[in-house]
Each structure stands twice: as C-alpha cells, then as structure tokens.
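Reviewing the structure listed below.
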2 protein chains.
Amino acid sequence: MQIKSSIKDIAKRANVSVSTVSRVLNNSKYVSEDLKRRVLSVVEETGFKPNMVARGLVNKKTSLIGVLIPRISNNFFSKLIEGIEEVLQTYGYNILLSTSYNEIEKELEYLNIFEDRQLDGIIFSVTEFTDQHKNFFGETVVPTVFLGQKVETLKKYPYVTIDNIKAAYEATRYLIKQKHKRIAIMAGPEKDCATGDNRLQGYLEALKEAGLPLYTSWQTRRYHTIDDGYYAASQIMSQSEKPTAIFACSDQQALGAINYLREHGYRVPEDISVMGFDDVDLATVFRPKLTTVKQNPVDMGATAARLLIDQIHGNSLTALENLVPYRLVVRESTKSL
Amino acid sequence: MQIKSSIKDIAKRANVSVSTVSRVLNNSKYVSEDLKRRVLSVVEETGFKPNMVARGLVNKKTSLIGVLIPRISNNFFSKLIEGIEEVLQTYGYNILLSTSYNEIEKELEYLNIFEDRQLDGIIFSVTEFTDQHKNFFGETVVPTVFLGQKVETLKKYPYVTIDNIKAAYEATRYLIKQKHKRIAIMAGPEKDCATGDNRLQGYLEALKEAGLPLYTSWQTRRYHTIDDGYYAASQIMSQSEKPTAIFACSDQQALGAINYLREHGYRVPEDISVMGFDDVDLATVFRPKLTTVKQNPVDMGATAARLLIDQIHGNSLTALENLVPYRLVVRESTKSL
DNA sequence: AACTTTCAAGAAAACGTTTTCCTGTGAATT
DNA sequence: AATTCACAGGAAAACGTTTTCTTGAAAGTT
C-alpha cells in the first residue's frame, strides 16, 4: 500500500503475466475466470490503482478538458463551469481550469499549455479573437468549442452563445417603449470584441430606428465588474446632458452603476432606469430587483460540453452556430417615464 | 506541423540521437553549441512541442494540482480559486477543478481520481471529515492542504482557515453590545462540520456568557445559498417568539434572509438586524450594506497554495494550523436597539 | 609519453501501461 | 485421424520522454 506498486508487481504476486493483469483490469476477453479471480484478489489486497499517466501515454488520451475563461469570480462564468462540469463528469472527463483575466497573452499561453498537455478538448470563452488565436487554432487539431461569442474566422469549431445583437436591440427597444429618449450604454471592453461590439450594435440599431440621439459620451467600454460599472456611471453622469436610462451590458456593471447613482443622490428607477444583462443570482435579491436580460449560463456550459463530447467522439458537427435562448425579465430597476 | 512529431523525428531530421535532442530541450550539459543550434533550428521549423504526458511518466510529476471545493458559483470559493491559481501559476502548476456539492461520495470519488491521475498535490475544502476521508489521507501520500476548516484528525497535512469560533463569538458579542437579547443564528449545514459547528459554538459561548436565552428553534443549519437563507429565515420567523437580530453564517444566507424579511414586512435593520459572514463582493453593493465578518478568500487560497508548494518542494512544514485574519465590518444591516 | 580527467554524444534502459504477436492448448469440424 | 479453430496467456513491442551507461576523443596532469 505504502509503496507505489505497478502492474508488474501485481503480475508477480498473482503469478501471471503483465498482459493478463492488464486484460483483467480492462475487462478484455481471453482471460479465464480462474486467473481473473486470482488477479482481482491481489489487486484488492494491495489496493492497486493503475497509473493514468502511463495509460494516457499509450491510449493517447488524457480525459482532461481545458476550460479557459476570463475570470472565475464572475458569477456568469462560474455557472458556466457548473454546466460544463456536470456533463463532462458523466463522460469521465475532468476540467483543467485556467483564467485569462482578459489578457490575450495569457490566453495564448494557456492554449499552448493545453496543447502540450495533450488535453482531449478545449472550451474557450474568448476575449478577443486575434490573428494569433487564428494561428493557434489553424495549426492545432484539438476539439474545441467557443463559448459566449461568435467566432466566425474559423469554420471548423462550433460556438455557443446568445444572439447578442438581438438581445441588446430588444432590451433597448424596451427602454424606448418606456418612453426613454436619452439612453446610455455601458458596454463590455473593446477587447472583448464580439460580445461588447454586438451588444453595442444592437443598442445603436434600436436608437437609430427610433430616431433617438446617440452620443458617444454616453457609451462606455469597460470590464464586467462592479467597480468598472461604478466608474462608468461616474463618467456618464459627469456629462452635462444626462440620460434617463442606462443599459448596462452586465448585471455587475448595473450594480456598480446603481451604487454610484444612489451615492450621488439619484433614485433608481425614479430618476434613472437601469437595465442589466445576465440575471446573476443576486439580481433578484438586490433592491431594486434588476430588470435584465436573462441568460442561462449553466445550460450554455452544458451545451458547450456536449458539443465538445460530440467532436471527441468523432460525430460530424450539426451546426457551427448554437444559439441558446435568452429572455428579457422586467423587474424593478426600470420604469416608464 | 500537421502530423504529431516526436523527439525521434526531430533527432532524425537533425541527424543526432534522441538523447541529444532531449538534452537540448532540457538545457542539459554535454551538448556542443553546434548540435544545439542544429537541433533548435529543426525544432523551430517543425514547431515541435514535447509531450508532457510522456515527460510526466518518467519524471513522476504531472504539474497538476487537484482543487476540490463544494461549489464554484459561490463567490467565496471562486475567490479562493483566484488566490490559488495566482500562486500555482507562477510555479508552473495547473488546476484540476472539481466540485462536490457537499456530497461526501463525490468528494471521495474525486480524491480517488486525483490519486489515479498522479496529481502532484491536493487543495481540499472539506465538507465533512469522515472516517473514509481519514482512510484516504492515511493511505495516500499526496501533498495536501486543507482549506476552510480545522482538520485535526490528521497530523501530517496543514490547514488554513480563520478562527471560526472566535470570529462567531465576536460577531455575536457585537450584537449583544448593541443591546440585542434575542439573537438567532443561521449556521452552515451539520455536514459541513467544523465550520458550521465552530461558528455555532462561538455564538453559543457569547450568549451563555451574557446569560441570554438560547432556543434551538432559533438555530438553523442550512447550506450557504441565498435560497437556504430565505428558507431559514422563514423558519425562524414562524416561531411565536421572534428574534431582534439574526447572525447568518454566510452573506449568502444573510441576503436570502433579508429578502424574506422584507417581503414579509420587516425592515432591516430597523425591525431586525442581520449580520453576515464572508464579505462577498455584493455585501457593499447591496442595500442595506451588510454588516459582516470579512474574510479574505484570495489570500486564503494563496496561502494554501504556498503551503502546498512548500510540501512539494519537500520543505518541512512550519505549522499545522494556519490562521488567517478576519475582521468585523460594521455597515448598515445591523443597528443598536 | 603515459595516465587521468572532462566533455560530447550515441545506445539502451526505464517509466507503467496497452496491444500486437506468438505459441500452445483442447474442442469442433471434416 | 487429420485439420481447422477459438480461446488462454505469455513475450515483446509500442507510446514519447528522460537518464544512465558506454565509448571515444580531447585536454590536462605528472
């Protein structure tokens, strides 16, 4: 028990060959009940456990999936992980978790580590899809699923996301229907291209369509953290012309914004409406309850994992684009003028 | 590029032996500048990357650390991970993430997987330390650090936590100083032994010392989720005699409780004070801002990771118990009677 | 000039498995 | 009775590395 025993030791103790032990362990054919019992009893009494690394070497599979996300302390991403883990686990895969903090060099570093480690697959929540990324995924042959945004540059791997343009468009439309004419947006960072850009685009489309003014000073591009939301709100509200509604592209930012607004004498939603995005756990606990675009990150993660398993199993992929549903949830942080 | 090349191919192309290639790759001595250049250029042009699995097999190290926590979507644990990853990364280790959802069988299952996979170390946020756990850690020899609670049954591995008894004692003391005489507690589940029990113990000590009544109907034991907090509050408030203060052993539960209270016509803190534990991100965003016992999970994670690295490097451990600081942060959810 | 020592580099063993290739049974078919 | 055949099980190759062993040459010592 103490000392690490190998299949050879088991073979010796059971008086059989290594091949036989291996066959017993893998339930292969061509081994008699007699020897099987003998081997099994030795395995039992020594508490022998096969070395997965050695196994991995010959089988050319590690049963490890690399999951790369911007940050884990963001509720959206941790829920994503929950969904991913749930399905991967049932297929006997484990997760190698890495976080990029939105830094592209880190992303590339981790992707290379994933490759070095011979991981069986990658689930990647992209920050910005650069040429370097394209290179990596062009040369490499690891099954991959992109998560959270469209990755059009590569035709070989699927992605799962919501229709961000449409969702943002609808959210903005809702504010417009509520008679808001001066609507600001707190979008994701420019780096985080697709998502940030798409939601901004949806917002702009809605405004344009309604013939409303679009001031760039009412558009911020910051990270999805409470602090950044706070800061973005301070920027927007420092303009001489102030909006009556803010569309925050994440609940985190919405929360930070509301925090700022209240500390500076604005009431939400009486003075200013705030719309969020994501519907994180606290959106309903917070007061006012957050009006927001609900995503289902657990489902998204699970979907991504399933798509990955499909690839690993060699099934031909059904669709590159996998859009999952979202839903506008009206609660208390927005109000008709 | 396309086809996976091995060190052998490189050797052939560079007209040297495998050993030489390996030596070049590992920067070992005894290889001339001439051959070195030749090998390096072949490596360059083929984009060769050594197979970490094969390396792991001979080096008997995987550079992988198993991290086992109850759930990742809890902000406390995800911050823990942030701290862990930060230091592990600088030492070239990656994280294999697993979540137990407080299920003991799952914990044991994952621990066994960790062992099978030859992980170099384990960071384990225990739910309940059972005999089976004891067995596992008795027989196994993997460097380990326990996180979040005292694990006294094993003298060989360190743990990092805060002094939960004292922290809960002080939190309760604070409420008592605020003239509260009827104080309820929402503790962690019974399963989650040390933490839940310890905080309950600190609470009881403070009450006893002050000669205050302790009703078991004012003590709940539930998971640290918003929903469980909501439910626990409903239980406590359904008693005929109602408390004037609730000490929730997690911010999550505190939030759920406040939610319940407000929905049922109680004002916080005017009618009932609510004290939290953890100081998660939203504790300051939420209104009323949460009075809470601040922990620093990022630091805790980093500390645990460092202790693990120490073990792996074979340094003798300095102390079994590693207590990290905590701090009572008074904000708006509590009020003097 | 003879003898160590140091360095360079290839051959081969090792890491712990799985799998292919053999060989030897005994049973089934002719 | 001769021939095939399915099965059991051992020996050995393979997976892709690192490391030990060896040999040979060049340099340093007496």
Side-chain angles (χ1 to χ4, degrees), chain A residues 1 3-40 42-43 46-64 92 113 115-120 141-142, chain B residues 1 3-40 42-43 46-64 92 113 115-120 141-142:
Chain A
M1 279 162 237
I3 197 78
K4 287 244 161 104
S5 53
S6 82
I7 212 174
K8 268 185 202 157
D9 306 314
I10 305 300
K12 214 166 287 174
R13 287 180 69 136
N15 235 320
V16 298
S17 73
V18 256
S19 348
T20 303
V21 177
S22 174
R23 281 193 265 257
V24 171
L25 258 26
N26 292 298
N27 251 304
S28 309
K29 286 167 61 180
Y30 305 140
V31 42
S32 67
E33 279 304 312
D34 188 28
L35 286 200
K36 194 167 182 175
R37 252 193 310 270
R38 217 157 81 209
V39 170
L40 248 25
V42 174
V43 167
T46 55
F48 169 77
K49 321 185 81 194
N51 180 328
M52 299 258 307
V53 176
R55 263 192 184 168
L57 182 59
V58 13
N59 290 336
K60 293 176 180 322
K61 90 192 274 298
T62 51
S63 301
L64 264 182
I113 290 178
E115 197 185 3
D116 295 349
R117 282 191 179 279
Q118 316 285 119
L119 300 198
D120 292 347
V141 283
V142 188
Chain B
M1 280 162 240
I3 198 79
K4 286 244 161 104
S5 54
S6 83
I7 213 174
K8 266 186 205 157
D9 306 315
I10 306 299
K12 215 166 285 172
R13 289 179 69 137
N15 235 320
V16 296
S17 72
V18 257
S19 348
T20 302
V21 177
S22 174
R23 281 193 265 258
V24 170
L25 258 24
N26 292 297
N27 250 303
S28 308
K29 286 167 62 181
Y30 306 139
V31 42
S32 67
E33 278 304 312
D34 187 28
L35 287 200
K36 194 169 183 174
R37 252 192 310 270
R38 217 156 82 207
V39 170
L40 248 26
V42 174
V43 167
T46 55
F48 170 75
K49 321 186 84 193
N51 180 328
M52 299 259 306
V53 176
R55 266 194 181 165
L57 182 58
V58 14
N59 291 336
K60 291 176 182 321
K61 91 192 272 300
T62 51
S63 301
L64 266 182
I113 290 178
E115 196 184 2
D116 295 349
R117 282 191 179 279
Q118 316 285 118
L119 300 197
D120 292 347
V141 283
V142 188

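Every chain is numbered from 1 and lettered A, B, ... according to where its sequence line falls, protein lines coming before strand lines.
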When we call it a touch if two heavy atoms are under 4.0 Å apart, what does [X] touch: a base, just sugar-phosphate, or nothing?
X: A/L35; value: sugar-phosphate
X: A/V16; value: sugar-phosphate
X: A/K29; value: nothing

Under 4.0 Å between a side-chain N or O of [X] and OP1 or OP2 of [N]?
X: B/S6; N: D/dG16; value: no
X: A/S19; N: D/dG9; value: no
X: B/S32; N: C/dA9; value: yes

### Message
For A/R38, I'd like to know if atom CZ has over 12 heavy atoms of other residues, nucleotides or ligands within 6.0 Å.
### Response
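Result for CZ/A/R38: enclosed.
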
Check for a donor-acceptor pair, side chain of [X] on one end and backbone N or O of [Y] on the other, with a separation under 3.5 Å.
X: A/D120; Y: A/K61; answer: no
X: B/T20; Y: B/V16; answer: no
X: B/D9; Y: B/S6; answer: yes

Counting side-chain heavy atoms from C-beta on, which of [options] comes nearest to [X]?
X: A/A54; options: D/dT17, C/dA9, C/dG16; answer: C/dG16
X: A/Y30; options: C/dT17, D/dA8, C/dA9; answer: D/dA8
X: A/S17; options: C/dG16, D/dG10, D/dG9; answer: D/dG10
X: B/N59; options: D/dG10, D/dT18, D/dA8; answer: D/dT18
X: A/T20; options: C/dG10, D/dG10, D/dG16; answer: D/dG10

How many Å lie between [atom1] on [X] and [atom2] on [N], as a whole number?
X: A/N51; N: C/dG16; atom1: CG; atom2: C1'; result: 6 Å
X: B/K60; N: C/dC15; atom1: NZ; atom2: C1'; result: 5 Å
X: A/N27; N: D/dA8; atom1: CG; atom2: P; result: 13 Å
X: B/L25; N: D/dT18; atom1: CG; atom2: P; result: 6 Å
X: A/L57; N: D/dT18; atom1: CG; atom2: C1'; result: 13 Å
X: A/K61; N: D/dC15; atom1: NZ; atom2: C1'; result: 16 Å
X: A/M52; N: C/dT18; atom1: CE; atom2: P; result: 11 Å
X: B/R23; N: C/dC7; atom1: CZ; atom2: P; result: 14 Å

### Task
Specify the residue among A/E33 and A/V18 whose closest nucleotide of DNA chain D lies further upstream toward the 5′ end.
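This one resolves to A/E33.
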
### Query
Going by atom types alone, do A/S19 and A/S22 pair a side-chain donor with an acceptor below 3.5 Å?
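Absent: no donor and acceptor within the cut-off.
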
### Query
Closer to the 5' end of DNA chain C via nearest nucleotide, is it A/S28 or B/R38?
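Here B/R38 is the residue nearer the 5' end.
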
### Task
Could you check if a side-chain atom of A/V53 sits within less than 4.5 angstrom of a side-chain atom of B/V53, using non-hydrogen atoms only?
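Result yes, sub-4.5 Å side-chain heavy-atom pair found.
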
